[in-house]
Amino acid sequence: MLLFLRKAFFYLLIAAYAVVTPYAILYALGYLYNPIERELVKTSLISISTVPRYATVFVEGKKFSERTPTVVRDLLPGQYRVRVTKKGYQFWEKEIQIDPEKATQLEPILLLPYRPEKEILADRSYFQMIPTIIDSKIYAWDRESLDSLWKVDLFFKKETAVVNETPLPEETKLLDFQYKQGSKMALLRIRVEDKRHRLAFVPTSKKTMIDLEPWLPKSPDLIDWDPKKPNQIYFLEAGQLSRLDLRDEKVFPIARDILGFGVKRSRLYLLRKNYSLAETDYAGSNEEILLKNQELGGKIFNQTEAQYYHIEVLESDLLLFLSDQGALLSNRLPYLFQQEGVRGIERSEGTQEDKVLFWTQQQIGVIDFTHEHEKEGLSEKELQVSRLIESRQNIRQAFWAYGDSHILFLDGNQIFLAEAKGPQPYFVRKIDD
């Protein structure tokens, strides 16, 4: 009898092993049984990080023991409501679509405090500043005169007057500046008495200020450069595109009959007056035609009245065109996003999704070029455009914050922070005009 029981137990273990082992292997490989579909499906995960850290995560009301940063695993495909909470902060909640065999990243999620604390980095009021951090530093002026330039170190929390090797008169007025994300140079437009100049401001160089007056025309239509090669500045004047090489201090002609141009990764993108679109190297050679259908080009660009266009390169075959009148267009449907009045655009950098922020006096919108959709009756995909924020007064500037999860913008004399897909903007502070 005892022998029989041992044999029965042995065969039972073999049967259990034969049944359980395949499921254990499949689970280890990321498969789970879906009772609705009645089949094995590949599971997915959500990676979540927050600012600040150590927030609590709920998925479909279920609380997870691990706090952020964390990974929620073994999720079947479908819709999940994710909620993130932390004491002293407003909760964050969003409906997330989980696709099979894909990891979804929610990082970083910015949690807004109920009572924000203020940390003073500099005790003066600034007239103007370069909005992008350069080596953990920002550069700002406390009045219109250029001799009031300060370097604010965000790490050591101190400010230092910048000593310029380029001698400038005391009455040098700062009119405006141009800066490209990722660049260590800004172009300043100044006025000395009744004359206007352009300076290259290179804070990492021994010669901080470089006067461009000997080479640049007085009123170029458009100026652009590659952030990784700031020593090469391209400018457009009356249809003539040229390149200024700061090292050689020489100007090289590139192309004629140009209606617009843009620079990215040592490549030039040219829109000619006949509406053909081409990509070349930095010298204007080795041309590759991107759009040779002049009839289509005419339909796109004849929708607006423009003297010239700045080209923003999103992908090698996906371009945005911002005209001197503030029209915003693309070489993809719907072609025309805004007839006029666009004050600026900014692309999200280093995030999972590629988006472009644009703003007018009254609105802030977003173009999403990672989630195109088919339009009925057309073979071409259409970019998605969202109008996110309506102005209360006058939108003067807007920036992406924390990747592309939030938008920081200046409306009138008030600064707001808003979730890109969230509730009403969160008031940050009021500034003096």
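What's counted below: heavy atoms across the whole structure, side chains too, no hydrogens, waters or symmetry copies. The first residue of the sequence shown is numbered 1, and numbering continues consecutively from there.
Note: Q397 CD to I364 CD1 = 9.5 Å, rounded to the nearest 0.5 Å. Here CD of E305 is found 9.0 Å from CD of Q339. Values are rounded to the nearest 0.5 Å. In this structure, CZ in R343 is found 4.5 Å from CD in Q361, a value given to the nearest 0.5 Å. Separating the CZ atom in F64 from the CD1 atom in I48 is a distance of 8.0 Å, to the nearest 0.5 Å. To the nearest 0.5 Å, the span separating CG on L212 from CZ on F235 amounts to 10.0 Å.
No donor-acceptor distance shorter than 3.5 angstrom exists from the side chain of K184 to the backbone of V202, with no hydrogens or angles considered. Under a 3.5 Å cut-off, the side chain of D368 and the backbone N or O of Q384 do not form any donor-acceptor pair. Of the possible donor and acceptor atoms, one in the side chain of Q240 sits under 3.5 Å from a partner among the backbone N and O of A255. The main-chain N or O of V313 is found under 3.5 Å from a side-chain atom of K264 such that the two form a donor-acceptor pair. At least one donor-acceptor pair under 3.5 Å links the side chain of S330 to the backbone N or O of R332. Without hydrogens or angle criteria, D211 side chain to L199 main chain gives no donor-acceptor distance under 3.5 Å. K180 contributes no side-chain N or O that, together with a main-chain N or O of P230, makes up a donor-acceptor pair within less than 3.5 Å. A distance-only check finds a donor-acceptor pair linking the side chain of D411 to the backbone of N394 [under 3.5 Å]. Under the 3.5 Å distance criterion, the side-chain polar atoms of Y308 are matched with a main-chain donor or acceptor of D221. At distances below 3.5 Å, not a single donor-acceptor pair connects side-chain atoms of W92 with backbone N or O atoms of T85.
Residues passing the side chain to side chain donor-acceptor pair (under 3.5 Å) test with R267 are E279, sequence neighbours excluded. Listed by chain and number, the residues in a salt bridge (Lys or Arg N to Asp or Glu O under 4.0 Å) with D226 amount to none (sequence neighbours excluded). In this structure E287 satisfies the side chain to side chain donor-acceptor pair (under 3.5 Å) test together with R272, sequence neighbours excluded. For the ring-ring contact (aromatic ring centres under 6.0 Å, His included) test, no residue two or more places apart in sequence or in another chain qualifies with F261. R387 meets the salt bridge (Lys or Arg N to Asp or Glu O under 4.0 Å) test with no other residue; sequence neighbours excluded. Under the side-chain contact (heavy atoms from CB on, under 4.5 Å) criterion, K218 pairs with no residue, sequence neighbours left out. Looking at residues two or more places apart in sequence or on another chain, you find a salt bridge (Lys or Arg N to Asp or Glu O under 4.0 Å) between R189 and D176. Listed by chain and residue number, P108, L110, Y402 satisfy the side-chain contact (heavy atoms from CB on, under 4.5 Å) test with V51 (two or more places apart in sequence, or in another chain). By the side chain to side chain donor-acceptor pair (under 3.5 Å) test, E390 pairs with Q363, sequence neighbours left out. With sequence neighbours left out, R243 forms a salt bridge (Lys or Arg N to Asp or Glu O under 4.0 Å) with no residue at all. Scored by the side chain to side chain donor-acceptor pair (under 3.5 Å) test, T304 finds Y309 as partners (sequence neighbours excluded).
A donor and an acceptor atom, one from each side chain of E340 and Q325, are nowhere located under 3.5 Å apart. A donor and an acceptor atom, one from each side chain of T160 and W150, are nowhere located under 3.5 Å apart.
Ring centroids of Y139 and F201 are separated by less than 6.0 Å, placing the two rings close together.
With a 6.0 Å cutoff to the six-membered ring centre and a 45° limit on the axis angle, K229 counts as a cation-pi contact of Y282. Stacking of K299 on the aromatic ring of F301 is not recorded, the 6.0 Å distance cut-off and the 45° axial limit not both being met.
Heavy atoms from other residues, nucleotides or ligands lying under 6.0 Å from CD of Q307 number 12 at most. Heavy-atom neighbours of K273 NZ from other residues, nucleotides or ligands within 6.0 Å: above the threshold of 12.
Here the shortest heavy-atom pairing between R53 and K86 reads O-NZ, 3.2 Å.
Residue F409 is tested with F399, W400, F416, W359 for a ring-ring contact (aromatic ring centres under 6.0 Å, His included); the sole match is F416.
Salt bridge E95/R81: present, at least one basic N to carboxylate O contact under 4.0 Å. A salt bridge does not link E213 with R198: every distance from a Lys NZ or Arg NE/NH1/NH2 to an Asp or Glu carboxylate oxygen is 4.0 Å or more.
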Practice task
Output, in order, the C-alpha distance, side-chain angles, deciding distance and verdict of side chain to side chain contact (heavy atoms under 4.5 Å, CB included) for I190 and R196.
Solution key: CA-CA 6 Å; I190 64 172; R196 298 190 178 191; over 6 Å; no
Cut-off 3.5 Å, no hydrogens considered: what does the side-chain donor-acceptor table look like for residues 66-73, sequence neighbours left out?
| unit_1 | atom_1 | unit_2 | atom_2 | d |
| --- | --- | --- | --- | --- |
| E66 | OE1 | T70 | OG1 | 3.0 |
| T68 | OG1 | T50 | OG1 | 2.7 |
| T68 | OG1 | Y54 | N | 3.2 |
| T68 | OG1 | A55 | N | 2.8 |

